[in-house]
Structure formats: structure tokens, C-alpha cells
Amino acid sequence: MVMCVRVKVRYFARFRDIAGVSEEEFDIPDDAKVKDLIELIKKKHPKFNDEIFEQNEEADVNVSKNGRYVDFDEELREGDIIALFPPVSGG
Amino acid sequence: MLSEKELERYDRQIRIFGIEGQEKLKKAKVAVVGIGGLGSPVAYYLTAAGIGEILLIDEQIPELSNLNRQILHWEEDLDKTPKSLSAKRKLEKLNSDVKIEAFVGKLTRENIEDVLKDVDVIVDCLDNFETRYLLDEFAHKKGVPLVHAAVEGLHGQATTIIPEKTKSLREIFPIPPKKKEKFPILGATAGVMGTIQAAEVIKLITGCGEPLANKLLVIDLAHNAFEIIELK
């Protein structure tokens with residue numbers, strides 16, 4: 001049996017509009033990484049797939065875990081708070 | 001030494017960082033790279049604060065659709081005066097004590113050392129990561145702090161790169177976000193982020209407060225959400 005952990009996902013800026021909520025919880029396998037969570041988010045909110053993730057997913061989202069900037073291979077634990085931020089480049 | 005006039009002009013901020021802090025501002029040279037939505041408030045507040053020398057870098061000419069956010073460019077400048085010169089003209093009227101230099105051209109690998117020589121702080125007000133990486137490389141090579149910001153819509157981010165102390169911009173954002181030719185942007189968003197950049201520059205020069213070193217400030221004005229993310 002796969003053990004599950006619960007993490008909280010917070011959406012920022014445009015992502016908040018796409019998800020329709022500012023935050024929500026996900027149950028994920030206890031060895032899951034950020035990239036696995038992203039897959040779950042895409043499944044739950046197909047608009048992320050259509051509007052955000054085009055070619056290189058790591059370029060399309062910035063991720064923090066418990067207030068610290070992390071990459072897609074970061075492992076997740078029970079109670080982690082993940083925040084997703086759209087990248088910006090304008091001036 | 002500050003004159004009587006300068007002591008009076010900067011009185012309200014001398015109350016924050018002292019005469020010594022104001023003298024540091026007067027001795028400093030700051031480069032503002034990109035005089036658009038971010039660069040306008042940055043250059044405006046740095047001029048008002050009495051930075052000794054400000055170098056404005058931009059090669060573009062203002063267009064009508066720039067005016068919702070690029071507040072240093074006015075209707076009279078449209079399709080005519082390059083942005084660095086348009087900004088220089090107004091800033092010199094705001095504060096004649098500040099030496100304003102304008103470079104009408106694009107920063108390249110070939111000219112960057114020459115254009116940015118003797119600069120104490122660089123402010124990244126660009127609209128693309130290609131030139132940002134160039135600034136980042138130069139900043140690390142020469143040990144010059146780089147104040148970064150970027151904006152889109154009602155959303156912005158800022159961080160201050162200090163060579164030897166913080167990650168480089170390329171380490172933080174290794175994959176450049178796709179450049180959009182026409183991205184949505186509200187003037188007030190650029191105003192908020194540019195003002196934060198101006199404050200970062202003044203903090204770096206005077207030593208007052210704590211800069212956004214190894215911290216990414218993310219602001220979402222649509223939902224009044226402000227986050228600081230640790231980058232270490």
C-alpha cells in the first residue's frame with residue numbers, strides 16, 4: 001500500500017485565476033516530487049495544460065516549498081506548503 | 001561635503017540615514033538599464049534622492065502604447081526623442097544637482113565594459129532575459145550589485161544580486177521565460193516594483209536597512225498578496 005502525504009498548494013497571480021482558488025490541498029505518494037505534484041495539478045485543472053505549460057515546464061512556473069525556492073526534483077513531505085508563481089520578464 | 005541647499009533639500013531623508021548617508025548617495029554612480037515602465041520610477045526617485053550620477057540606457061523611441069506606464073515619456077516625445085534623452089531632459093529639470101548621462105544604444109557583449117565602467121550599482125529595468133543575463137555576468141565579473149525586477153499584468157518580482165554573496169540571476173532563473181512582444185501591464189504595477197528597486201539602490205549605497213539579497217519578493221496586486229521567498 002502506498003503511503004500518502006498531504007500538501008498545501010498556493011497559487012499566485014494568474015495561476016490563482018486559472019485554479020479558481022487561492023489554495024487547496026493535495027494527497028500525494030510520500031516519495032513524490034514537485035514534478036509529480038505538477039502532474040496532479042494539471043489533471044485537476046486542465047487549463048494549466050492548455051494555457052501555461054507549453055514546452056519546457058520548468059520555464060513556465062516558479063516553485064517554492066515552505067518559503068524556499070526549489071526545483072522540480074524537490075521531494076515533498078507531509079504538511080509542506082508549495083507556492084506556484086508565474087514567471088515574469090517584462091519591464 | 002553637502003551644501004546648505006542640499007542639507008535642506010534632502011532633510012527628510014537625512015533624518016533616516018544621516019548626512020553621511022546622503023554624502024554616499026552624492027558620490028555614487030547608478031546605471032538604469034531600460035527606461036520604460038520600471039526604469040521611469042527608478043530614475044525618477046533616484047534623481048529626487050540626490051544620487052550623484054545616473055546613467056540612463058535605452059535605444060528605443062517612445063510609442064503611444066508606452067505611455068500608460070512609462071511616466072518619464074510624454075506625448076511631446078512620441079516617435080521622436082529616444083527614451084534615454086527624453087528621460088534626461090525631465091530629470092535635469094527635477095534636480096539640477098544630479099549629473100544625468102544618456103546612452104542611446106543597446107548593451108552588447110562588446111560595449112558593456114565601456115558603457116558601465118565606474119558604475120556602483122546597476123538597476124535591471126529590462127524587458128528580456130537575454131540582456132539580463134549579460135548584465136548578470138558583468139555584475140559578477142566586476143563585483144557590482146544588480147537590482148532586478150520584472151513585471152507583467154498586476155504581478156511583479158524583485159531581488160538584489162550581490163556578487164560573492166547571493167546566487168546569480170542565471171542560477172535563480174536558469175531558463176529564460178518566453179519573451180512576449182506585447183505583454184499586459186498596468187502602470188501602477190511597474191510603479192510599485194520600480195519604487196522598490198529605487199529603495200533597494202538607496203539601501204545598498206547608504207547601508208541602511210536590509211536589501212533583498214537571496215530573497216525574491218513576489219507581489220500580486222490583484223489579490224494584494226506579498227511573498228518573500230528564500231533563495232539560498
Side-chain angles (χ1 to χ4, degrees), chain A residues 7-24 33-35 37-38 41-42 45 47-77 79-91, chain B residues 33-40 42 58 69-70 123-132 148-159 167 171-180 182-185 189-190 193-194 197 214-216 218-223 225 227-232:
Chain A
V7 297
K8 187 184 278 183
V9 176
R10 299 179 54 210
Y11 300 101
F12 229 72
R14 196 156 46 101
F15 291 173
R16 184 165 162 166
D17 300 325
I18 290 173
V21 290
S22 61
E23 56 179 56
E24 62 187 337
K33 296 178 173 178
V34 166
K35 57 185 171 197
L37 176 63
I38 298 284
I41 292 170
K42 280 158 60 177
H45 304 288
K47 269 178 98 178
F48 273 99
N49 235 351
D50 307 337
E51 293 181 24
I52 304 299
F53 298 113
E54 286 173 15
Q55 295 142 8
N56 189 328
E57 297 195 343
E58 291 215 51
D60 297 325
V61 57
N62 295 323
V63 185
S64 77
K65 182 182 98 170
N66 305 330
R68 198 164 288 277
Y69 203 75
V70 294
D71 62 29
F72 271 36
D73 286 322
E74 180 79 10
E75 287 187 11
L76 301 175
R77 301 268 175 271
D80 279 345
I81 297 174
I82 306 303
L84 302 183
F85 307 87
V88 270
S89 63
Chain B
V33 188
I35 312 298
L38 290 170
S40 291
V42 168
D58 205 306
R69 62 196 186 281
Q70 304 187 9
V123 197
D124 158 18
C125 303
L126 290 158
D127 62 356
N128 69 89
F129 265 77
E130 206 175 283
T131 321
R132 280 192 172 104
H148 159 80
V151 286
E152 183 173 330
L154 289 154
H155 166 213
Q157 66 180 29
T159 185
K167 286 187 172 184
E171 282 174 296
I172 304 167
F173 303 108
I175 312 159
K178 288 175 283 284
K179 195 195 166 186
K180 298 171 190 159
K182 283 190 179 159
F183 61 96
I185 175 72
T189 311
M193 299 315 296
Q197 287 181 289
N214 283 320
K215 292 178 192 327
L216 180 71
V218 182
I219 294 183
D220 174 9
L221 289 177
H223 307 101
E227 287 271 321
I228 287 190
I229 304 162
E230 297 290 334
L231 294 170
K232 255 188 205 161

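Residue numbers start from 1 in every chain, and the chains themselves are labelled A, B, ... in the order their sequence lines are given, proteins ahead of strands. What you see below is based on every heavy atom in this structure, not just the backbone, and it leaves out hydrogens, waters and symmetry mates.
Here the side chains of L216(B) and F85(A) are not in contact, with every heavy-atom distance at 4.5 Å or above. No side-chain heavy atom of L154(B) sits less than 4.5 Å from a side-chain heavy atom of R14(A). Counting heavy atoms from C-beta outward, P86(A) and H155(B) have side chains that approach closer than 4.5 Å. E227(B) places a side-chain heavy atom less than 4.5 Å from the side chain of F12(A).
Side-chain N or O atoms of D220(B) include one that pairs as donor or acceptor with a backbone N or O of A13(A) at under 3.5 Å.
Considering all non-hydrogen atoms of both residues, V88(A) and V151(B) come closest at CG1-C, 3.9 Å. The minimum heavy-atom distance between F183(B) and G90(A), with the atom names listed, is CZ-CA, 3.5 Å. I229(B) approaches R68(A) most closely through the heavy-atom pair CG2-C, 3.8 Å.
Using a 4.5 Å cut-off between heavy atoms, D71(A) does not touch chain B at all. Proximity to chain B (any heavy atom under 4.5 Å) is shown, for N66(A), by neither the backbone nor the side chain. Heavy-atom distances place no part of Q70(B) under 4.5 Å from chain A, backbone and side chain included. For A190(B), no part lies under 4.5 angstrom from a heavy atom of chain A. Heavy atoms of K232(B) lying under 4.5 Å from chain A belong to its backbone as well as its side chain. For chain A, no part of R69(B) is nearby; none of its heavy atoms comes within less than 4.5 Å.
For the options G67(A), S64(A), S22(A), P87(A), heavy-atom pairs under 4.5 Å to chain B are most numerous at G67(A). When K215(B), Q157(B), H223(B) are compared by the number of non-hydrogen pairs under 4.5 Å with chain A, H223(B) comes out ahead. When the candidates A150(B), A225(B), P176(B), G39(B) are compared by the number of heavy-atom contacts under 4.5 Å with chain A, A150(B) comes out ahead.
Note that the CD atom of E130(B) and the OG atom of S89(A) stand 11.5 Å from one another [nearest 0.5 Å].
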